[in-house]
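A short worksheet on the structure shown next.
Quick note: residue numbers are just sequence positions, from 1.
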Amino acid sequence: MICENISFENGLLRFAGRNPLELAAKYGTPLYLYDEDRVRANMRRFRNAVKTHFGEGSEVLYASKAASFKQIYRIAAEEGIWTDVVSSGEIATAQAAGFDLSHSCFHSNNKTPEDISYAMDRGVGYFAVDCPEELYALAAESAARGITQKIILRITPGIDPHTYEAVATGRVDSKFGSAIETGQAENITALALSLGNLKLCGYHCHVGSQLFDSEVQLRTAEIMMNFVADMKDKFGFEAQVLDLGGGFGVRYTEEQPAPDAASVIADVAKLLKSTAAARGVKMPDIFIEPGRAIVADAALMLYTVGSVKRIPGYKQYVSVDGGMTDNPRYALYKSPYTFYDASRPVSEKTERFTVAGRCCESGDLLGENIPLPADICRGDILACCTAGAYQFAMSSGYNRVPRPGLVMLKGGEDYVAVRRQTPEDMAEFDI
Ligand SMILES: *Cc1c(COP(=O)(O)O)cnc(C)c1O
């Protein structure tokens, strides 16, 4: 099965043991359905692996850009998970949920002056600093406040993870971080050590997303630990924290492997410990930042089928009541997905369809060459699997299509975590 919480009963789709048709009828479509139990299980799996292999001071930070809403921060707090935030909006959401922001790290390659001050006002624990300009801006702001801000430096280890160009962030020419290869990583270390009101705690890197080859994570870890050792040799600075980022791969289609994050973490730990020992540095606390791997397989997206259009000799389309406004990932990256017609038993009698959204935009597609029942028709509920990461988070108000609601499932119960927007909500901020 594509996700562990997907099953079939008499050929009909079940999600987290529930009938999607009943939930679609109760809440309407499009609908983001999140399996809270699965979110918690994913968080526990990462936390156990990190605490077991790296020790108590090491932490899992949920990269909340993958899906940011109040309830997810409450769940993270309950599970002993820290969080990454990337904007004042995410900070405000976490704070509104009562999340302890000293357990957060603020990322972004260009934090605005307003962001910096907003984050410091609320006691964000760490800033991951991208470049020298930002270092100066942070030093000035923390001096003005008379505080010492904890920071880690974002380093570009020079890894090309062979993923899509748009999500490859570890290469020397990335817009993120300071590169080891060019000497900029060393220079920013010297600068950080020389400035007052900042406490340099260590380093951060994040080389990309959807990593399936543990070789990329192992190489990255080794490069970063050697860099830690080089900086100790050069400046006498011993990093207390080494943050290795996220990027753990997730399965969207049957062809993709089912990665085992815990075993990757175990292998990385072994390599880091031997590298640290060989170079004579003490093991820093390790942070990891999974986003997708916490939430992706915890959600199912439900749509209602509108028209089914067959263009003889060309293509056939299934149009749904959502699209790029609730999930722009296919339009942006051609990200593959697995779909099921929840209204019909799975059968061998499938045809290939293009799944189209409802926006006035020909690129508004959710998938192409998708096998669906030949008799799919108007009114059927179409389910998109592995729908929890970067969908709700990337939703937009294009065409003034209201954003779908987000419902969570917990131990057989269902509850609204984000209410569905109304057409009137779309003009809420217009003067
Ligand atoms: C996006 C991002 C992550 C999470 O990436 P996933 O692929 O969702 O695990 C972690 N850290 C940083 C700095 C990021 O930008």
Side-chain angles (χ1 to χ4, degrees), residues 2-3 28-34 63-69 72 84 86-87 89-90 93 107-109 163-169 175-176 206 208-210 246-247 249-253 256 291-306 315 317-340 353-370 382-407 417-418 420-421 423 425-426 429:
I2 190 71
C3 307
T29 60
L31 185 67
Y32 299 103
L33 273 182
Y34 274 71
S64 66
K65 69 174 194 223
S68 175
F69 52 99
I72 206 92
D84 275 359
V86 294
S87 72
E90 286 187 0
T93 308
H107 290 273
S108 162
N109 67 306
T163 53
Y164 313 103
E165 193 66 13
V167 287
T169 47
K175 81 164 180 171
F176 295 100
H206 171 73
S209 220
Q210 274 297 67
V250 153
R251 208 157 170 244
Y252 288 92
T253 61
Q256 290 174 328
R292 188 189 310 273
I294 298 282
V295 285
D297 70 357
L300 186 76
M301 185 81 201
L302 300 182
Y303 300 103
T304 301
V305 172
K315 281 190 187 182
Y317 288 92
V318 165
S319 291
V320 297
D321 56 354
M324 65 188 287
T325 53
D326 58 75
N327 178 14
R329 295 189 64 253
Y330 189 80
L332 279 173
Y333 314 119
K334 291 255 181 288
S335 304
Y337 281 102
T338 302
F339 291 86
Y340 291 107
F353 291 90
T354 294
V355 179
R358 58 173 287 187
C359 283
C360 298
E361 167 66 49
S362 50
D364 175 21
L365 304 178
L366 292 167
E368 289 168 286
N369 276 315
I370 306 294
L382 188 67
C384 173
C385 302
T386 328
Y390 305 106
Q391 296 195 186
F392 170 76
M394 283 188 166
S395 64
S396 75
Y398 181 52
N399 282 192
R400 293 234 145 166
V401 173
R403 286 180 179 79
L406 190 160
V407 163
V418 183
R420 177 183 299 286
Q421 292 183 342
D425 285 335
M426 305 315 286
F429 303 112

Filter on salt bridge (charged side-chain N to carboxylate O under 4.0 Å, His left out), then keep only pairs touching residues 385-398, sequence neighbours left out; what's left? none

Taking side-chain contact (heavy atoms from CB on, under 4.5 Å) as the test, write out the residues that go with Ala67, two or more places apart. Tyr34, Tyr62, Phe69, Val295

Apply side chain to side chain donor-acceptor pair (under 3.5 Å) to Asp425 and list each qualifying residue two or more places apart in sequence or on a separate chain. Arg419, Thr422

With Arg251, which residues qualify under salt bridge (charged side-chain N to carboxylate O under 4.0 Å, His left out), at least two apart? Glu254

Pairing residues for Phe353 by the ring pair (Phe, Tyr, Trp, His ring centres under 6.0 Å) criterion, not counting sequence neighbours: none

Sorted by chain and residue number, the side chain to side chain donor-acceptor pair (under 3.5 Å) partners of Ser87 (sequence neighbours excluded) come out as none

Return the set of residues passing side-chain contact (heavy atoms from CB on, under 4.5 Å) with Ala63 (not counting sequence neighbours), or none when no residue passes. Asp84

Non-neighbouring partners of Asp326 that pass side chain to side chain donor-acceptor pair (under 3.5 Å), sequence neighbours left out: Tyr303

Partners of Tyr317 by ring pair (Phe, Tyr, Trp, His ring centres under 6.0 Å), sequence neighbours excluded? none

Would you be so kind as to tabulate the donor-acceptor pairs closer than 3.5 Å made by side chains of residues 358-365, with sequence neighbours excluded?
from	atom 1	to	atom 2	distance (Å)
Asp364	OD1	Met324	N	2.7
Asp364	OD2	Arg358	N	3.1
Asp364	OD2	Cys359	N	2.7

Under the side chain to side chain donor-acceptor pair (under 3.5 Å) test, which residues partner Thr29, sequence neighbours left out? Thr304, Asp321

Non-hydrogen atoms of Arg329 and Ala389 that approach each other most closely: CD-O, 3.7 Å

May I have all residue pairs that pass salt bridge (charged side-chain N to carboxylate O under 4.0 Å, His left out) and include part of residues 383-400, sequence neighbours excluded? Arg400-Asp430

